[in-house]
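One structure is given below, encoded as structure tokens.
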Amino acid sequence: SFLCLVPEEAKTSSCMEEGGYDTYVHDALGLVSGWGGCAAPCGWPPAPQPLDACHPEATFYEGHFLKVLFDRMTRILDQPYSLNLQVTSVLSRLAAFPHPHLHEYLLDPYLNLAPGCRSLFSVLVRVMSPAGGRGDDRDTPSKRDLTIPPMQVIGDLMQRLQRVPHFRAKLLLVRRQLMGLVPGEQMDHAMLFKGVVVLEEFCKELAAIALVKGPPEGPP
């Protein structure tokens, strides 16, 4: 589940009065409903369909557009806050789009991936891993990411935060600054903390979209 990706020690929304998951569910209802009306005339199937023309030996490529978005997501802890907001906004809208193949690719955490391929879930898992935030992870089999023990994933992400003294208090302060509750001030590792906040919120948003859309219908 997307809600389980960010370690509890790195979550700060529960400390705020308006950091709940229900708000994302409400927003997802409107977003999914709006996309549904636009896509209805297209007549897309309700479930992913086998691709008769697919060659098993061919290398899968997500395309230039998704490659840019996925590559940016791998750097979410090391790039400007405004850029992270733009990337996650585009990805959340794509995830809400009512096409069965896009739904499966962006929202199914259990999607089987060939070596060297990646999905949105595997990219987010890589952010938690030692290679996270280090650029394109294409050379590492993505299927490995889904088998990393949970405590190892938590330890990998927490290593970066635990190098910062009093990281928990500073992380909460950055969240309050982003919400406009306290004046902004310069601090070390601010980009890292802002990336963690965006990552937590993005995972909640994806979980809400997946809940509202539900799993794709099975084959007839």
Side-chain angles (χ1 to χ4, degrees), residues 1-37 69-70 72-74 76-77 81-100 102-111 119-129 132 145-146 148 150-151 153-154 156-158 160-161 167-182 192-217:
S1 170
F2 290 100
L3 289 176
C4 300
L5 282 176
V6 178
E8 290 297 325
E9 296 91 334
K11 293 180 179 179
T12 51
S13 61
S14 60
C15 302
M16 313 301 297
E17 293 182 1
E18 299 181 358
Y21 173 64
D22 293 345
T23 301
Y24 283 106
V25 174
H26 179 270
D27 293 344
L29 284 168
L31 183 59
V32 171
S33 176
W35 273 130
L69 293 175
F70 284 179
R72 283 297 178 184
M73 281 304 304
T74 66
I76 191 170
L77 302 180
Y81 174 70
S82 59
L83 178 57
N84 285 336
L85 291 183
Q86 294 175 39
V87 172
T88 54
S89 177
V90 172
L91 281 169
S92 65
R93 280 156 177 75
L94 287 175
F97 197 72
H99 191 285
L102 198 57
H103 174 103
E104 181 182 47
Y105 187 50
L106 296 180
L107 293 177
D108 184 359
Y110 303 108
L111 181 66
S119 66
L120 178 55
F121 188 82
S122 76
V123 168
L124 290 171
V125 169
R126 292 293 296 173
V127 174
M128 315 294 173
S129 72
D145 301 332
L146 301 180
I148 298 175
M151 289 306 298
V153 173
I154 292 174
D156 293 334
L157 176 63
M158 294 306 295
R160 296 191 63 181
L161 290 176
F167 79 88
R168 177 76 180 177
K170 293 179 180 179
L171 185 57
L172 182 57
L173 175 60
V174 166
R175 177 179 280 275
R176 291 173 62 84
Q177 289 176 349
L178 293 175
M179 297 177 67
L181 299 177
V182 295
L192 170 63
F193 292 139
K194 290 178 182 179
V196 173
V197 171
V198 173
L199 182 61
E200 180 186 354
E201 296 304 309
F202 183 50
C203 287
K204 291 196 298 185
E205 187 175 17
L206 291 176
I209 293 172
L211 175 67
V212 169
K213 293 181 73 178
E217 297 181 17

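Rounded to the nearest 0.5 Å, atoms CZ (F193) and CG (L172) are 11.0 Å apart. Note that the OG atom of S119 and the CG atom of L106 stand 8.5 Å from one another [nearest 0.5 Å]. Taking OG1 from T74 and CZ from R126, the interatomic distance works out to 9.5 Å, rounded to the nearest 0.5 Å. In this structure, OH on Y24 lies 10.5 Å from SG on C203, to the nearest 0.5 angstrom. Between L211 atom CG and L206 atom CG the span is 12.5 Å, to the nearest 0.5 Å. Between the CG atom in L124 and the CD1 atom in I76 there is a gap of 7.5 Å [rounded to 0.5 Å].
Between R175 and E201 there is a salt bridge, since at least one side-chain N of the basic residue sits less than 4.0 Å from a carboxylate O of the acidic one.
Formation of a donor-acceptor pair under 3.5 Å by the N84 side chain with backbone atoms of V198 is not found in this model. Remark: the backbone N or O of L178 is not paired with any side-chain donor or acceptor of Y81 at under 3.5 angstrom. Not a single donor-acceptor pair under 3.5 Å links the side chain of K204 to the backbone N or O of S13. When atom types are taken as modelled, the side chain of R168 and the backbone of E9 share a donor-acceptor pair closer than 3.5 angstrom. Using modelled atom types, no side-chain atom of K11 and backbone atom of V197 make a donor-acceptor pair closer than 3.5 Å.
At least one side-chain heavy atom of I209 sits less than 4.5 Å from a side-chain heavy atom of S92. M73 has its side chain within reach of F202: a pair of non-hydrogen atoms, C-beta onward, lies under 4.5 Å apart. The closest side-chain heavy-atom distance from F167 to L192 is not below 4.5 Å. Contact of the V174 side chain with the V196 side chain is not registered, since no non-hydrogen atoms from C-beta on lie closer than 4.5 Å. The closest side-chain heavy-atom distance from Y105 to L111 is below 4.5 Å.
Closest approach of V25 and A208 over heavy atoms only: N-CB, 3.7 Å. Counting all heavy atoms, side chain and backbone alike, A207 lies closest to L3 at CB-CG, 3.5 Å. Here the closest non-hydrogen pair linking L171 and A10 is CD2-O, 3.3 Å.
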(request) Please lay out, stage by stage, how L107 and F121 fare under the test side chain to side chain contact (heavy atoms under 4.5 Å, CB included). (result) CA-CA 7 Å; L107 293 177; F121 188 82; over 6 Å; no

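Using modelled atom types and a 3.5 Å distance limit, the side chains of R93 and S89 yield a donor-acceptor pair.
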